[in-house]
S.K.: 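Below are the structure tokens for one structure; questions will follow.
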Number of protein chains: 2
Amino acid sequence: MPAIARTTPIERQIESVSSATPSYGVDMDLDDEEDELNNLNIPDVVIRRLPIYVRTLHSLIEHGQVSVSSEELATLIGVTAAQIRRDLSYFGKFGKQGRGYDVGYLSNTVERILKLDRTWNMVLCGMGKLGHAIANYRGFMRSSFEIAALFDSDENLVGEEVNGHPIRPMRDLVETMRREHIQVGIIATPRKNAQETADLLVAGGVQAILNYAPVILKVPDHVTVREIDPVSALQSMTYYIED
Amino acid sequence: MPAIARTTPIERQIESVSSATPSYGVDMDLDDEEDELNNLNIPDVVIRRLPIYVRTLHSLIEHGQVSVSSEELATLIGVTAAQIRRDLSYFGKFGKQGRGYDVGYLSNTVERILKLDRTWNMVLCGMGKLGHAIANYRGFMRSSFEIAALFDSDENLVGEEVNGHPIRPMRDLVETMRREHIQVGIIATPRKNAQETADLLVAGGVQAILNYAPVILKVPDHVTVREIDPVSALQSMTYYIED
DNA sequence: TGTTCATTGTGACGTATTTCACAACATCGT
DNA sequence: ACGATGTTGTGAAATACGTCACAATGAACA
Ligand SMILES: NC(=O)c1ccc[n+]([C@@H]2O[C@H](COP(=O)([O-])OP(=O)(O)OC[C@H]3O[C@@H](n4cnc5c(N)ncnc54)[C@H](O)[C@@H]3O)[C@@H](O)[C@H]2O)c1
Ligand SMILES: NC(=O)c1ccc[n+]([C@@H]2O[C@H](COP(=O)([O-])OP(=O)(O)OC[C@H]3O[C@@H](n4cnc5c(N)ncnc54)[C@H](O)[C@@H]3O)[C@@H](O)[C@H]2O)c1
């Protein structure tokens with residue numbers, strides 16, 4: 001059973017995460033009560049950087065660049081080269097001394113690590129203003145994600161078609177998720193209904209939740225949650241403003 | 001002149017919202033001579049937690065609760081009590097042994113720390129679909145923020161009124177910001193135009209940028225940037241999904 | 001006023017993450 | 001074939017962050 005807390009609730013909103021044991025060096029001893037061959041001690045903060053690497057590599061591919069050094073990538077992204085090399089080294093050796101990394105190969109590799117080499121179907125709960133905007137956003141599809149079904153508790157909205165999908169009643173959520181084996185959910189309900197929605201998603205077998213409602217959700221350990229919260233982002237920036 | 005790099009570009013992007021670590025190598029010389037009386041070495045990760053504390057305290061106030069212990073607050077938020085006490089201790093002593101914290105007082109105090117005890121006017125650049133949604137979102141106003149002016153480079157959009165504000169041409173941006181002393185900007189332009197928009201915001205004197213475009217912005221050190229990036233958030237969650 | 005109780009604030013410690021710095025090595029030009 | 005060059009991958013060190021645990025102390029009440 002997962003003994004590792006991937007994210008403490010507040011960190012979904014923020015950054016930095018505590019996992020477990022150091023990790024370095026060899027291994028193969030008696031510790032690890034959790035070696036999924038996968039989720040093997042890799043800091044979540046590293047995982048959260050990988051999508052940026054992928055995005056940046058894509059942009060290099062667009063420009064026709066075929067190889068890149070950690071230094072160049074680092075400059076583009078705004079981190080240190082050492083950090084990029086260390087991050088990648090958690091997963092293997094993908095570069096060549098003197099040459100750097102093959103852009104296409106590295107991009108594919110990181111995508112495979114993140115399991116982006118497939119399409120993830122998602123359910124979207126709460127079809128108010130935000131829900132409509134999300135359902136119409138084309139950025140997801142271009143990134144391994146697809147909104148497969150829309151849900152709202154308001155019977156007046158049920159049946160309306162948004163971007164090719166009908167809005168369905170919440171009572172169908174769990175069954176739909178199970179039937180279609182959907183493991184990713186988006187919450188766009190009002191704040192007060194977010195937790196109950198999360199509970200239903202969990203009942204449906206959700207493993208990842210993107211939460212737009214400004215609340216801390218309580219979910220089982222095996223569920224990952226990330227929050228989208230522009231207000232908190234703004235509120236933490238004003239601290240630094242010097243008048 | 002702050003010598004501390006508040007945000008490492010990639011960290012703005014990591015996680016739905018977020019940004020920033022205190023600098024490591026950045027202020028290389030004479031040790032840390034940087035005591036703004038304010039930005040005094042307090043870890044950015046702490047600053048990013050404060051809005052959650054505020055939000056949670058508000059919810060307690062709504063429920064009529066007048067005092068709260070670090071333990072209770074911690075349970076609500078999903079962190080440890082020690083962390084909350086440590087975080088607050090960076091700024092002073094706000095609790096009473098045996099009693100905990102006065103909810104209203106603590107809320108006000110943290111808001112004052114974050115400079116939320118005033119209204120921040122913002123400019124919004126890029127009035128496409130997302131821009132319209134943001135302009136109509138009422139969550140900002142309820143949180144010390146107000147969208148004061150809208151901008152788009154498309155002359156066909158200029159003049160259109162959204163939520164009571166006319167869309168203005170980008171060429172007016174810098175002057176408007178200076179005239180109205182606006183220090184917060186939101187970028188909702190296409191990816192490829194985000195950097196040029198950021199440059200204009202900087203020219204206008206921006207100090208905080210909320211960036212919805214999926215790019216790493218290069219800005220001067222005194223500017224804080226946080227990114228809203230649901231795609232990256234999703235892409236980092238799939239890693240953990242066990243099929 | 002003294003005793004009990006709950007809970008803070010923080011030094012000391014432990015873990016997590018980043019950076020340094022360099023040996024190892026692939027490639028290239030000659 | 002070989003030295004020069006550039007860049008990786010990674011131990012070791014440095015730094016940042018989180019937690020433990022407890023002395024200090026305010027409030028309640030006898
Ligand atoms: N993070 C962001 O960028 C962002 C932006 C805008 C809004 N929000 C948040 O998103 C949420 C929705 O905002 P909105 O403007 O779309 O509000 P809205 O009122 O327009 O829409 C909410 C929708 O949720 C539905 N709903 C209510 N209870 C439900 C339930 N239990 N299950 C399913 N659906 C339910 C309602 O019927 C309604 O259609 C709010 O929490 C708001 O704070 C976040
Ligand atoms: N983070 C999120 O949640 C999220 C959601 C949706 C879209 N996005 C991103 O937001 C951006 C906008 O998305 P959209 O769907 O609104 O696109 P859109 O094409 O509907 O709107 C873009 C608008 O920006 C304007 N624009 C272009 N160049 C400009 C410039 N230099 N200065 C000012 N305005 C300029 C265009 O005229 C247009 O009105 C994209 O980068 C998209 O990827 C982010």
S.K.: I'd like to know if D229(A) and R55(B) make a salt bridge, using a cut-off of under 4.0 Å between side-chain N and carboxylate O.
M.R.: yes
S.K.: Nearest whole angstrom, please: distance from the C1' of dA6(C) to the CD of Q97(B).
M.R.: 10 Å
S.K.: Atom CD1 in I42(A), atom OH in Y90(A): separation rounded to 0.5 Å?
M.R.: 8.0 Å
S.K.: Rounded to whole Å, how long is the line connecting atom NZ of K96(A) with atom C1' of dA26(C)?
M.R.: 9 Å
S.K.: Does a side-chain N or O of R85(B) approach OP1 or OP2 of dG11(C) to a distance below 4.0 Å, or not?
M.R.: no
S.K.: Mapping A82(A) and Y90(B) onto DNA chain D by nearest heavy atom, which one lands closer to the 5' end?
M.R.: A82(A)
S.K.: Categorize R99(B) for me: base, sugar-phosphate, or nothing, with a 4.0 angstrom heavy-atom threshold over every strand shown.
M.R.: sugar-phosphate
S.K.: Please name the pair of heavy atoms, one in P214(A) and one in R191(A), separated by the smallest distance, quoted to 0.1 Å.
M.R.: O-CD, 3.8 Å
S.K.: Quiz question: by atom type and distance under 3.5 Å, do the side chains of D87(B) and Q83(B) form a donor-acceptor pair?
M.R.: no
S.K.: Is a donor from one side chain sitting under 3.5 angstrom from an acceptor on the other, for N121(A) and E146(A)?
M.R.: no
S.K.: Rounded to whole angstrom units, what separation is found between the OH atom of Y101(A) and the P atom of dC25(C)?
M.R.: 16 Å
S.K.: Side-chain N or O of S70(A) less than 4.0 angstrom from OP1 or OP2 on dT8(D)?
M.R.: yes
S.K.: Report the distance from atom CZ of F91(A) to atom C1' of dG9(D), rounded to the nearest whole Å.
M.R.: 15 Å
S.K.: Tell me the interatomic distance from Q83(A), atom CD, to dT15(D), atom P, rounded to whole angstroms.
M.R.: 16 Å
S.K.: Is K93(B) close enough to dT10(C) that one of its side-chain N or O atoms is under 4.0 Å from OP1 or OP2 there?
M.R.: yes
S.K.: In whole angstroms, how far is the C1' atom of dT8(D) from the CG atom of L106(A)?
M.R.: 13 Å
S.K.: Take D87(A) and L88(B), find for each the nucleotide of DNA chain C with the closest heavy atom, and name the residue whose nucleotide sits nearer the 5' end.
M.R.: L88(B)
S.K.: What is the distance, rounded to the nearest whole Å, between atom CZ of R86(A) and atom C1' of dA12(D)?
M.R.: 9 Å
S.K.: Take atom CD1 of I84(A) and atom C1' of dT19(C), then tell me their distance rounded to the nearest Å.
M.R.: 14 Å
